[in-house]
Visitor: 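Please see the structure below; I have some questions.
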Amino acid sequence: MPSTTASSNKGPKNACVPGAAPLAGLDFRAPAHALAPLLIGVTLLVDGVGGRIVETEAYGDADPASHSFRGRTPRNAAMFGPPGRAYVYRSYGVHWCLNLVCGAEGEGTAVLIRALEPTHGLEAMCARRGLQDERLLCAGPGRLAQALGIDGGFDQLPLDAPPFALLAPPADAPAPQVVSGPRIGITRAADVPWRFGEAGSRFLSRPMRGTG
DNA sequence: CCGGCGATCCTCT
DNA sequence: GAGGATCGCCGGG
């Protein structure tokens with residue numbers, strides 16, 4: 001169904017940018033705790049490889065668990081830049097982890113992508129991970145970064161252009177049931193229920209215990 | 001199935 | 001100089 005009334009001012013901001021990848025209709029100016037559950041069910045691709053987001057965590061303004069809590073540093077600079085870009089950091093000196101910067105510019109908020117249901121480029125992901133087991137390909141922030149080939153060179157890259165792509169779920173797809181619970185692997189603000197996941201998904205990094 | 005620990009490196013105290 | 005927004009392996013129950 002071609003629309004002759006083309007682009008209204010309600011459309012995505014990047015709708016007319018040549019070469020721009022879709023942003024799945026998401027508004028990255030939203031606060032992290034509001035955006036994080038909306039990302040469940042969205043497909044995340046890097047160079048066409050990736051899957052459906054099934055687990056996220058919000059890291060907010062004045063959040064003691066956030067890398068941005070003690071102010072801007074060289075490592076977390078991406079968090080204080082414009083929303084809609086990547087923040088990639090190295091964890092435990094070994095793993096890379098991907099965040100999507102959101103909120104107001106300079107606020108220092110982001111959403112950590114914790115798990116994907118693999119859907120695109122299974123062969124490439126298995127090769128990078130050295131695994132056959134589909135369930136473990138992207139079940140964790142370090143695992144999914146390895147599967148998608150994400151490293152420090154992806155820090156600060158915009159999410160609305162290659163190699164990144166964010167695809168909204170099909171219009172006829174049932175909305176995923178999203179549950180929340182405490183975030184994983186942190187010591188401060190450990191009770192804040194800012195971990196979000198698709199209920200019943202077998203691709204989570206760990207089972208969701210929390211309430212819906 | 002579960003808990004413990006080493007890897008590995010950079011950041012901030 | 002300590003400690004991670006982690007992972008995978010090892011050992012024991």
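Side chains included, hydrogens not; waters and symmetry mates left out as well; all remaining heavy atoms used.
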Visitor: Tell me yes or no: between the side chains of Gln156(A) and Arg85(A), is some donor less than 3.5 Å from an acceptor?
Guide: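 Short answer, no.
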
Visitor: Quick one: His67(A) NE2 to dT6(C) C1', roughly how many Å, whole number?
Guide: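 It works out to 11 Å between those atoms.
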
Visitor: In whole angstrom, what separates Ile184(A)'s CD1 from dA5(C)'s P?
Guide: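 Nearest whole value for this atom pair: 13 Å.
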
Visitor: When you measure from the side chain of Arg129(A) to the backbone N and O of Met125(A), does any donor-acceptor pair fall under 3.5 Å?
Guide: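 Absent.
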
Visitor: Tell me the interatomic distance from Arg188(A), atom CZ, to dG3(C), atom P, rounded to whole angstroms.
Guide: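 Nearest whole value for this atom pair: 12 Å.
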
Visitor: Is the distance from the ring center of His67(A) to that of Tyr89(A) below 6.0 Å?
Guide: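 For His67(A) and Tyr89(A), the ring centres are under 6.0 Å apart.
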
Visitor: Take Leu144(A) and Thr187(A), find for each the nucleotide of DNA chain C with the closest heavy atom, and name the residue whose nucleotide sits nearer the 5' end.
Guide: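 Result: Thr187(A).
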
Visitor: What stems show up for DNA chain B when you take Watson-Crick pairs (N1-N3 plus N6-O4 or O6-N4) and G-U wobbles (N1-O2, O6-N3), both under 3.5 Å, and require three or more consecutive pairs?
Guide: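 B:1-7 with C:6-12, B:9-12 with C:1-4 - these are the stems of 3 or more pairs that involve DNA chain B.
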
Visitor: Hey, can you pull the residues of residues 79-106 of chain A with a non-hydrogen atom under 4.0 angstrom from DNA chain C?
Guide: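 Residues of residues 79-106 of chain A that come under 4.0 Å of DNA chain C are, in numerical order, Met79(A), Tyr89(A), Ser91(A), Tyr92(A), Gly93(A), His95(A), Asn99(A).
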
Visitor: Which residue, Ile113(A), Leu144(A), Thr43(A), forms the side chain to side chain contact (heavy atoms under 4.5 Å, CB included) with Ile53(A)?
Guide: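 Passing option: Ile113(A).
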
Visitor: Taking Glu57(A) for the side chain and Ile184(A) for the main chain, is one N or O donor matched with an acceptor at less than 3.5 Å?
Guide: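 Checking the backbone N and O of Ile184(A) against the side chain of Glu57(A), a donor-acceptor pair under 3.5 Å is found.
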
Visitor: Could you tell me whether the side chain of Asp160(A) and the main chain of Leu23(A) form a donor-acceptor pair under 3.5 Å?
Guide: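 Such a contact is absent between Asp160(A) side chain and Leu23(A) backbone.
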
Visitor: Distance-only, no hydrogens or angles: does the Thr56(A) side chain make a donor-acceptor pair with backbone N or O of Ala36(A) under 3.5 Å?
Guide: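 Yes; at least one donor-acceptor contact below 3.5 Å.
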
Visitor: Rounding to a whole Å, what distance do you find between Arg75(A):CZ and dC9(B):P?
Guide: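 Going from Arg75(A) (CZ) to dC9(B) (P), I get 15 Å.
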
Visitor: Side-chain N or O of Arg70(A) less than 4.0 angstrom from OP1 or OP2 on dT11(B)?
Guide: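 For Arg70(A), the contact criterion (side-chain N or O under 4.0 Å from OP1 or OP2 of dT11(B)) is not met.
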
Visitor: Examine distances only and state if a side-chain atom of Arg195(A) and a backbone atom of Arg183(A) form a donor-acceptor pair shorter than 3.5 Å.
Guide: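 No, because the side chain of Arg195(A) does not come within donor-acceptor range (under 3.5 Å) of the backbone of Arg183(A).
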
Visitor: When you match Val111(A) and Leu136(A) each to their closest nucleotide on DNA chain C, which lands nearer the 5' end?
Guide: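 Nearer the 5' end of the strand: Val111(A).
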
Visitor: Specify the separation, in whole Å, of atom CG of Leu112(A) and atom C1' of dG4(C).
Guide: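 Rounded to the whole Å, the gap is 14 Å.
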
Visitor: From the list dG8(C), dT11(B), dA5(C), which nucleotide is the closest neighbour of the side chain of Thr73(A)?
Guide: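 For Thr73(A), the side-chain atoms sit closest to dT11(B).
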
Visitor: Would you mind classifying the nucleic acid contact of Ile186(A) as base, sugar-phosphate or nothing, using non-hydrogen atoms under 4.0 angstrom?
Guide: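 Since only primed, P, OP1 and OP2 atoms lie under 4.0 Å of Ile186(A), the category is sugar-phosphate.
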
Visitor: For Arg129(A), report the nucleic acid contact type (base, sugar-phosphate, nothing); a contact means any heavy atom under 4.0 Å.
Guide: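 It contacts sugar-phosphate atoms only.
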
Visitor: Please state how far atom CZ in Arg183(A) lies from atom P in dG4(C), giving the value in whole angstrom units.
Guide: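 Nearest whole value for this atom pair: 14 Å.
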
Visitor: Separation of Ile113(A) atom CD1 from dT6(C) atom P, in whole Å?
Guide: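 Whole-Å distance recorded here is 14 Å.
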
Visitor: Under 3.5 Å, is there a donor-acceptor pair between the side chain of Thr109(A) and the main chain of Gly60(A)?
Guide: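 The answer is no, because no donor-acceptor pair under 3.5 Å joins these two groups.
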
Visitor: Give the rounded distance in Å between these two atoms: CZ of Arg135(A) and P of dG8(C).
Guide: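 To the nearest whole Å, that distance equals 11 Å.
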
